[in-house]
Each structure stands twice: as C-alpha cells, then as structure tokens.
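Numbering of ligands and ligand atoms starts at 1, following listing order. When a residue number appears, it is its place in the shown sequence, counting from 1.
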Amino acid sequence: MATALVIGAGIGGLAAALRLRKKGYDVTVYEANPYPGGKLHAIQLDDYRFDLGPSLFTMPHLVDELFTLFNKTPEDHFRYKQKAVICNYFWDDGTRFTALAQPAAFAKQAAETFRESEQDILRYLENSKKKYDLTAPLFLERSLHKINTYLSADTLKALSALRHLDLSRSLNSVNEKYFDNPKLVQLFNRYATYNGSSPYITPGIMSMIPHLEMHYGTYLPHGGMHEISQSLYRLALEVGVKFHFNQKVSSIKVSSKQATGISIGNKEIDADVVVSNMDVMPTYRQLLPKEPAPEKTLQQERSSSALIFYWGINKTFKELDLHNILFSNNYREEFEYIFSKKDIYTDPTVYINITSKDEPSDAPEGHENWFVMINAPGNYQQDWPELLEKAKKAILKKIKNALGVDISSHIQAEYILDPRGIESNTSSYRGALYGAASNNQFAAFLRHPNFSRRIRNLYFCGGSVHPGGGIPLCLLSAQIVGDLVANPS
Ligand code: FAD
C-alpha cells in the first residue's frame, strides 16, 4: 500500500489525512503538540470551558462530507446547532443592532435601525451571493495553479466576470457605494477581518463573505468548536489513520527533486507522499532549508493576529448572545494601528464570544465563559506585556460603556493568549490567524499552491496556503490536496 505522511494535525492536516486514507493510502500524522487540532483546541479554567481559537463556524457541510466519505451518518458523530442571531452589535453612542441570519429579516431590521433602504440592503446581499457563486468554483474549490483549472467552463465564466468582482476597489469603497450610514458600512467592513485583512485595503470581492453567513448559516457544534477537530480525529483513528504526538518534524527528505519522507531528529521515515499542514514559512525555513524557497510568496504581508482574554464571569448578561461586537469609534485608524503601526489601538473593536449561552455546561449556573478578543498586529517583538496592559484597560472601558458594568470585579478566572502564544503553539509565522492577509487584489493568486512546484510528491494544506485561512477554506485545501495526489498532472 502506498504511504503518506502528514506533518501537523491541524484541521487541514486531519482532513487531508482522511482524504488520502479514502484514496487508499496508509496515512500517518506527525504532530509537534501532545494533542490534535492545532488552533482548534480548548482549555478548562476552573469550572469554565473555553475554545482556544476559532469561534465562528459556517459551512458545516464541509465537515459532514468527511463522515459521508466513509459511509457514516454525520449526525451520529458530529452535531451542531444553527443560530438564528448572527451577532449583536454595539456602538458607543448607544446604538444596538441584532443581526438576524435570515436575509429578509436582516434587511428589514437593518433598514429600520440604520435608516437605509431595505431594497439596497437586499441588493447588496444578492450581489454578495453573485460574487460567491461566480468565484467559489475557481478561487476556493480547485488549485489555482494548474492549467486544467483554467480550461473549465466555470473558470471561464468567472474570468469573464472579473470586472464585476470589485477587485480594483476596496471593500470599504464598495460598502460606501451602497450605504450612507457609516455604522452599516462598518458592519459590512468587519467581514474583512474574517480573513485577517483591512477593509480599507482588501478588495471589494470580499463583500461575498456575508453570503456565507446568511446562506450557509452560522453554527455552534455540540461540545463547542473543539468538537470539530475532535470528531475528525476520532473518525481518522476509526478508519485507520495513525497518529504520533509530541513529534516535531525536523526536515522533509528530498532526493532527485522528489519528497521521500521526513526526519524527526535522527529518525528517518520514508513515504510516497508528504503533506505539510504546517505554516508554509517554517515549512521552507526549518524543514527545507537547502531548497530554493518561493520568496515572493513567503514575503506576502501576514494576516492580523489576535489578543484574547478568556474570562470566567460570575454574572449573566441578557443583552449578549454567542457572538457580540462592540465597535471602535474609528475603524480606519484601528486598522492603521494593526497593519502599519503594529500597535494596539486605544479604542479597539471588542469581540465577545460566549459559548455557555448555547452550551450551559461550559460555565457554572449564573456564570458565563467570555472569550474576549481584539484584532492585533502580528508578533514583531513588540513589548507585549505593555500592550496587554493597554489592551485590557481599553477593553474594560469599552465593555463598561456598552453594558454599563465594570466587568473587572466579575472576572473569576483568566487566561491570556497573544500573538506570541499563537505563534509558539502552532508555528504560525508572526502569530497570523489566517496565513497571508488579503491586503491586495492579487492575494488569491499569491498564496502558496497546494503542491510544490519544485519537489514532486510534496503537498501543502491549511490556512497559510491556497485557498486561505479559516476552517472552511482549510477543509477545502485538504480536498484539493486529495484531488492533486490522485491526479498530479
Ligand atoms: P493549524 O491549526 O495552524 O495547525 C498546524 C499544526 O501543525 C499544529 O498542530 C502544529 O503543532 C503542527 N506543527 C507545526 N510545526 C510542526 C512540526 N515541525 N512537526 C509536527 N507538527 C507541526 N477560523 C474560523 O473559521 N473561524 C473563526 O472564528 C476563527 N477564529 C480564530 C481565532 C483565533 C484566536 C485563531 C488563532 C484562529 C482563528 N481562526 C478562525 C483561524 C483558524 O483557526 C485557522 O485558519 C485554522 O484552524 C488553521 O488550521 P491549519 O490546518 O492551518 O492548522
């Protein structure tokens, strides 16, 4: 039986292992951490459970698909609940808005709250769908780097519609074209952060992202986000994928321009196929130091990182739901701080995620588990203790303004993760959440392909390569790797 080695058990690595197993490979995963999941991990702080990384889950069918691939009923192994409310938004002037998942209901309420035309909002959402439908087959579901991709009817359709995709203007300018109310513009600008980019730079094609939430819906898995990686890990074990934890791969073996296996210290392991789920930067710098690296790709600006306070709160808040946003008063300046000054803004947008709203066992009765996150610059060796102190003060002030409560006296447990921790936990270069940022119009083409152009039998999956970061795209990267391994030409 042909053999495949996967480096890293992040969501992309787990999915790639399953895809290759289905194709008949004997698959072994080597993971540096003592656990599977990478960024999709969880912690227990006293009686509070927290998901450590992702909190927003959309396109759950991409997880289900992996169960059906092995003739299993997804609901028997992985269950999730759809949310009727996408997010609660708060502004400092007292404006509040509850974004409903259903597009018509969303448009009606947004029109009332922001005094905009309901028709314009519906038109915006229709345009979002159109952009997604046109581009997903080209930009998300196939390798962008194989000639075959450009010979399909779907691709030709997408290419002929390029001028409608708003590639040459920013997301902010597209949103300003539709709406006068700066708050509604800000709400739609926020979608740039779903891939760690700035709405003032990222191309307008990103206005397709709201379609994902409104069409596919937003979900929370039973057991929390961690269940996504855990259920796939259990499936992988069941179908015969082998795992080795606490095994940091030290190099990829290459002979005659072909990957022949990996080494871990003095131990060498041979394989027919090698898949790296590691961030592409350390894959080249640490595992392939003698091979020429695609420097232009590696030099792409990295996505934003995050600073997260995990707080056990001895109080409940009716006005909050699973996803809540307290917006900055100057969004443009906040992104300048993140991407240009590499600093924490004094009035940051604060995201509060509370899984105990839907999973009561995540916190004791009368308490809540708050995941409080602000977007942050990558790790450029800033003075993080100082930035953390500054961020905490700004966050507490923002919460007091929105909810009228000084939350500091309600914090019973605390854990903090900053870009340094994100980087060291998963080898994510500069602690980027989503690999490279989409802060230019060619970003999609500049991401690393899912295969090596120079080394045969070496493949790449996960958030730092095509089609990009975030759970759905990582799952798609694994699907593309599966297709490429089966049909490398
Ligand atoms: P990773 O999770 O990056 O894992 C890579 C694995 O490789 C790690 O387990 C690492 O230990 C291992 N590894 C590295 N080097 C080696 C080595 N030398 N040998 C062996 N193993 C190695 N996405 C969403 O969809 N929704 C969200 O709401 C969301 N929010 C986020 C919030 C935070 C705080 C973070 C950090 C991320 C968030 N993301 C979100 C992004 C999402 O988590 C990632 O895009 C995705 O999980 C990355 O998966 P991956 O397959 O690239 O692997």
Side-chain angles (χ1 to χ4, degrees), residues 5-17 28-41 50-60 62-63 87 193-196 209 212-213 218-220 225-226 228-229 232-233 243-252 262-265 274-283 285-288 303-310 322-323 351 353 371-376 417-419 421-429 431-436 460-465 467-478 481:
L5 298 181
V6 180
I7 307 169
I11 186 75
L14 290 168
T28 310
V29 181
Y30 288 87
E31 166 56 55
N33 283 323
Y35 53 83
K39 296 184 178 73
L40 262 163
H41 191 49
F50 294 92
D51 289 308
L52 211 52
S55 55
L56 178 76
F57 182 38
T58 183
M59 302 179 89
L62 295 175
V63 178
C87 188
T193 65
Y194 283 31
N195 59 27
I209 302 176
L212 295 183
E213 282 195 345
T218 60
Y219 300 81
L220 181 68
M225 296 295 286
H226 192 212
I228 303 173
S229 54
L232 292 182
Y233 171 57
F243 286 85
H244 296 281
F245 294 105
N246 294 309
Q247 297 287 309
K248 188 167 183 177
V249 174
S250 38
S251 68
I252 294 172
I262 58 170
S263 49
I264 301 175
V274 176
V275 180
S276 176
N277 173 226
M278 279 172 77
D279 188 308
V280 72
M281 180 67 110
T283 301
R285 297 290 187 248
Q286 295 166 19
L287 306 196
L288 293 164
S303 85
S304 53
S305 187
L307 212 159
I308 308 133
F309 294 89
Y310 306 82
L322 177 66
H323 302 291
Y351 167 63
N353 173 255
F371 165 112
V372 182
M373 177 175 124
I374 60 169
N375 292 312
L417 188 60
D418 65 37
I422 295 169
E423 183 163 22
S424 64
N425 287 351
T426 56
S427 299
S428 185
Y429 182 55
L433 305 191
Y434 303 99
F460 296 84
C461 66
S464 68
V465 298
I471 298 162
L473 300 195
C474 290
L475 291 168
L476 288 171
S477 75
V481 164

Ligand-side contact atoms (ligand 1) for residue partner [X], heavy atom cut-off under 4.0 Å:
X: Gly12; answer: 51 (O)
X: Ile7; answer: 19 (N), 20 (C)
X: Tyr30; answer: 20 (C), 21 (N)
X: Asn33; answer: 9 (O), 11 (O)
X: Ser427; answer: 14 (C), 15 (N)
X: Ile308; answer: 34 (C)
X: Gly38; answer: 2 (O), 4 (O), 8 (C), 9 (O)
X: Gln247; answer: 19 (N), 20 (C)

Nearest-contact summary for [atom] - protein heavy atom, Å:
atom: atom 10 (C) of ligand 1; result: Glu31 OE2, 3.5 Å
atom: atom 50 (P) of ligand 1; result: Asn277 ND2, 3.6 Å
atom: atom 25 (O) of ligand 1; result: Ile471 N, 2.8 Å
atom: atom 52 (O) of ligand 1; result: Gly463 N, 2.7 Å
atom: atom 21 (N) of ligand 1; result: Ala32 N, 3.1 Å
atom: atom 7 (O) of ligand 1; result: Gly8 CA, 3.4 Å
atom: atom 2 (O) of ligand 1; result: Lys39 N, 2.8 Å
atom: atom 13 (N) of ligand 1; result: Met278 CG, 3.8 Å

Side-chain donor/acceptor of [X] to backbone N/O of [Y], under 3.5 Å:
X: Ser250; Y: Gly265; result: yes
X: Asp418; Y: Gly421; result: yes
X: Asp51; Y: Gly53; result: no
X: Thr58; Y: Thr218; result: no
X: Asn277; Y: Ile7; result: no
X: Ser477; Y: Gly462; result: yes

* To do: Could you tell me if the ring centre of Phe309 sits under 6.0 Å from that of Phe371?
  =>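 Ring centroids of Phe309 and Phe371 are no less than 6.0 Å from each other.
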
* Examine Tyr429 together with Tyr434 and report whether their ring centres are nearer than 6.0 Å. =>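 No, ring centres 6.0 Å or more apart.
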
For [atom], which candidate among [options] provides the closest heavy atom?
atom: atom 33 (C) of ligand 1; options: Gly470, Gly37, Gly53; result: Gly53
atom: atom 29 (C) of ligand 1; options: Ala9, Ala15, Pro54, Gly468; result: Pro54
atom: atom 41 (C) of ligand 1; options: Phe57, Tyr351, Tyr434, Phe371; result: Tyr434

* Asked: Under 4.0 Å from ligand 1, counting heavy atoms only, is it the side chain of Ser55, its backbone, both or neither?
  ->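 Both backbone and side chain of Ser55 come within 4.0 Å of ligand 1.
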
* Which bit of Tyr194 is near ligand 1, meaning a heavy atom under 4.0 Å away: side chain, backbone, both or neither? ->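 No part of Tyr194 is near ligand 1 at this cut-off.
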
Looking at every heavy atom in both [X] and [Y], which two are closest together, and how far apart are they?
X: Ser276; Y: Thr283; result: OG-OG1, 2.9 Å
X: Gly37; Y: Ser229; result: CA-CB, 3.6 Å
X: Ala16; Y: Cys461; result: CB-SG, 3.9 Å

* Which word best sums up how the rings of Phe243 and Tyr233 line up, parallel for under 30°, tilted for 30 to 60°, or perpendicular for over 60°? ->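 Perpendicular, since the angle between the ring planes exceeds 60°.
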
* Whether His41 and Tyr35 hold their rings parallel, tilted or perpendicular, with breakpoints at 30° and 60° ->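 Because their plane-to-plane angle is under 30°, the rings of His41 and Tyr35 count as parallel.
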
* Asked: Is the closest heavy-atom distance from Ser428 to ligand 1 below 4.0 Å?
  ->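 No, Ser428 has no heavy atoms under 4.0 Å from ligand 1.
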
